[in-house]
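Computed from a predicted structure; not experimentally measured. The chains referred to below are lettered A, B, ... by the order of the sequence lines, with proteins before strands, and numbering in each begins at 1.
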There are 2 protein chains.
Amino acid sequence: MDMPTIKDVALKAGVSVTTVSRVLNNRGYLSEELKAKVYGAMKELNYRPNELARSLSRSKSNIIGLIVPHVSHPFFGELAGHIEDHAYRHGYKLLLCNSQLDKSKELDHIDMLRSSRVDGIIMGSHTLEVEAYNQIHLPVVTFDRKLSDDIPYICSDNYKGGLLATTLLVDRGCRKLAHIGGHPHLNVLSLDRHKAFQDIVEQRGIWHTSLHTDINGFNFHEYERLLELLFQEHPDVDGIFASSDVIAAYALKACRESGRRVPEDIKIIGYDGISLRGLLTPSITTIRQPIEAMGKLAVDLILEQVEGHSVAMEHIFPVELEVGGTT
Amino acid sequence: MDMPTIKDVALKAGVSVTTVSRVLNNRGYLSEELKAKVYGAMKELNYRPNELARSLSRSKSNIIGLIVPHVSHPFFGELAGHIEDHAYRHGYKLLLCNSQLDKSKELDHIDMLRSSRVDGIIMGSHTLEVEAYNQIHLPVVTFDRKLSDDIPYICSDNYKGGLLATTLLVDRGCRKLAHIGGHPHLNVLSLDRHKAFQDIVEQRGIWHTSLHTDINGFNFHEYERLLELLFQEHPDVDGIFASSDVIAAYALKACRESGRRVPEDIKIIGYDGISLRGLLTPSITTIRQPIEAMGKLAVDLILEQVEGHSVAMEHIFPVELEVGGTT
DNA sequence: TTGTAAGCGTTATCAA
DNA sequence: TTGATAACGCTTACAA
């Protein structure tokens, strides 16, 4: 009752295992007749080659590891979806890991992926020291973080995005701006969004304040607390640049619940361009990153490295201002 | 520069590979001294056992396959997160597949998972004929669908949920109800939500209408079209029972944009209890399923079967009405 | 064109 | 207690 092996197929087809393997991999010259015979045996036995054995033998698993903070976060959910889809199209499988931004979990996951002999790792989470990533010795691609000179990274044009967002708020007349973003100790490139914010407001002489989530990020309840804090200390803020659409959505909610009219009393702009923003009213003005293209490129960069090609290190995607109803 | 193998460790520790394997798996009696020696060699070499080889040898991969329509859908994203988390805690890895409700893709994924010798498959998508699943010959668990008498399934108490939802709308005074749910040809248990709706409205003599998404479901744009259609044909609907929170969110949006006040002019209730509903204003009234517990159970049921234990077939989770601001 | 046999890195069965 | 050695199911020189 066990799964049939290549040996069973060989036996039934009356050929050697080598021949079956050849048919399986379409290597060398094979007569149509032979092929038919072997394929026939396979069908009859409902044979499925054992990928574990193939992987072991070829020293190649055709598996890509993906580590993200939380798949349940809309941005990473979308990203993971596109990555899986693109990997699948290229005959690769996806081993999914949620780090929850927990260092030991992330380390465990990396260890596990290496033990599983994945062909490469896409890191959407990177809470460890740079050293940890340099020791991976596998094709790696990161999102939104430059780890070293030889690990390619993918990000949106964060500074430009921050610029567009802040400029829009200022141009629409905001004079008391707040920025809400990730923790500065998370050494991520998205901090450039804040840098741009800072540059613009100072250059234009606009009053401003900045809040950031705690180092474990992505805690939705914390977003609510943060906004409460903001409105308590600066009730007259008239513009918010949120570093993600999810934060922006919470900002919108906080405004509504505190009787602030959006966009009349206060304007809000987010970042990411997650497709779920379409379910909000008004739809949030945002800086859109090309999430699908970024996910695809991550897979491509892994595959290129797997094939021994060298790849460019820096991959900055253009962003686009998408005006919604909150500005 | 290749990864060290058990042989290298044996050599460096001055023992046989058998002994190293014993230490690795903590089998038999091993003196502390021996252990120290072997572990030392492992550390020195930065050795990681090759899981492909182990899996092949033990005929057990410690991988669970998960097939969902879209991880990017909030419900499945949350579910996948919990499943990964629980699997990880038990030393299992997660191979993630998005079927996008595409039959051939789902079939491919099942084939791929079988070839990869996963220890079990959790099906959150099931667009194929029952026969296809019976041929899997692996531990399987499904969400929201009864496939046969020997494939365990997990679902929320759909009928009860539909009852609670519909009753609430009626009790709050709605007299023209609409239900929006999945396509009836998708043979899923969540259709019971609609059945309950139907039963209640007929029993209470309430005017009602029912819309459903197309068979490929989960197309957010379609939700918008559906609502447009609803309001066009029945502008005076005063209560909507949406079969998911995402649909409910779109309903809320459509109401807002068409000048309907929620909950004064029209009431809305959703289903699922996704955590993202917290970012809407007002927060959507919903029927909450215990998503985390359901995800955990899915993993547990796979593990039980892997260990050769028999498991109960039916796992219906209680639902809870969570009153928000839309009713 | 087809087959034999070694090897991929483990675990497991026997002996010693 | 420890160690040869044969699996596990496949690929791939090398021969024929």
Looking at A/N25, I'd like to know whether one of its side-chain N or O atoms comes within less than 4.0 Å of OP1 or OP2 on D/dT11. yes

How close do B/Y92 and B/I63 get, heavy atom to heavy atom, and via which atoms? CD2-N, 4.0 Å

Over all strands shown, is B/L34 touching base, sugar-phosphate only, or nothing at heavy-atom distances under 4.0 angstrom? sugar-phosphate

Can you tell me if the side-chain N/O atoms of B/R58 get under 4.0 Å from OP1 or OP2 in D/dC8? no

Any donor-acceptor pair under 3.5 Å joining the side chain of B/S16 to the base of D/dA4? no

Which is true for A/S21 with a 4.0 Å heavy-atom rule: it touches a base, it touches only sugar-phosphate, or it touches nothing? base

Touch check for B/R22, heavy atoms < 4.0 angstrom, all strands: base, sugar-phosphate only, or nothing? base

By nearest nucleotide on DNA chain D, pick out whichever of B/R117 and B/Y29 is the more 5' one. B/Y29

I need the CG-P distance between A/N26 and D/dT11, as an integer number of Å. 13 Å

Nucleotide nearest B/T19 (side chain, heavy atoms from C-beta), chosen from C/dT2, D/dG3, C/dT10: D/dG3

A/R89/A/D85 ion pair, N-O < 4.0 Å: yes

Both B/L56 and B/V15 contact DNA chain D. Taking the nearest nucleotide for each, which residue is further toward the 5' end? B/V15

For B/R48 and C/dT10, what is the distance between atoms CZ and P respectively, to the nearest whole Å? 12 Å

With a 3.5 Å distance limit and no angle check, can you tell me whether A/H309 reaches the backbone of A/Q305 through a side-chain donor-acceptor pair? no

Examine the base of D/dT1 for any acceptor or donor lying under 3.5 Å from a partner atom in the side chain of B/S31, and report the outcome as yes or no. no

Categorize B/L52 for me: base, sugar-phosphate, or nothing, with a 4.0 angstrom heavy-atom threshold over every strand shown. nothing

Base, sugar-phosphate alone, or nothing: which one does B/T5 contact when heavy atoms must sit under 4.0 Å apart? sugar-phosphate

So, A/D108 and A/K103, do they make that salt bridge, N to O below 4.0 Å? no

Gap between atoms NZ and C1', on B/K60 and D/dA7 respectively (whole Å): 19 Å

Can you confirm whether or not the ring centre of B/H90 sits under 6.0 Å from the ring centre of B/H86? yes

Between CZ of B/R54 and P of D/dA7 the distance, given in whole Å, is 22 Å

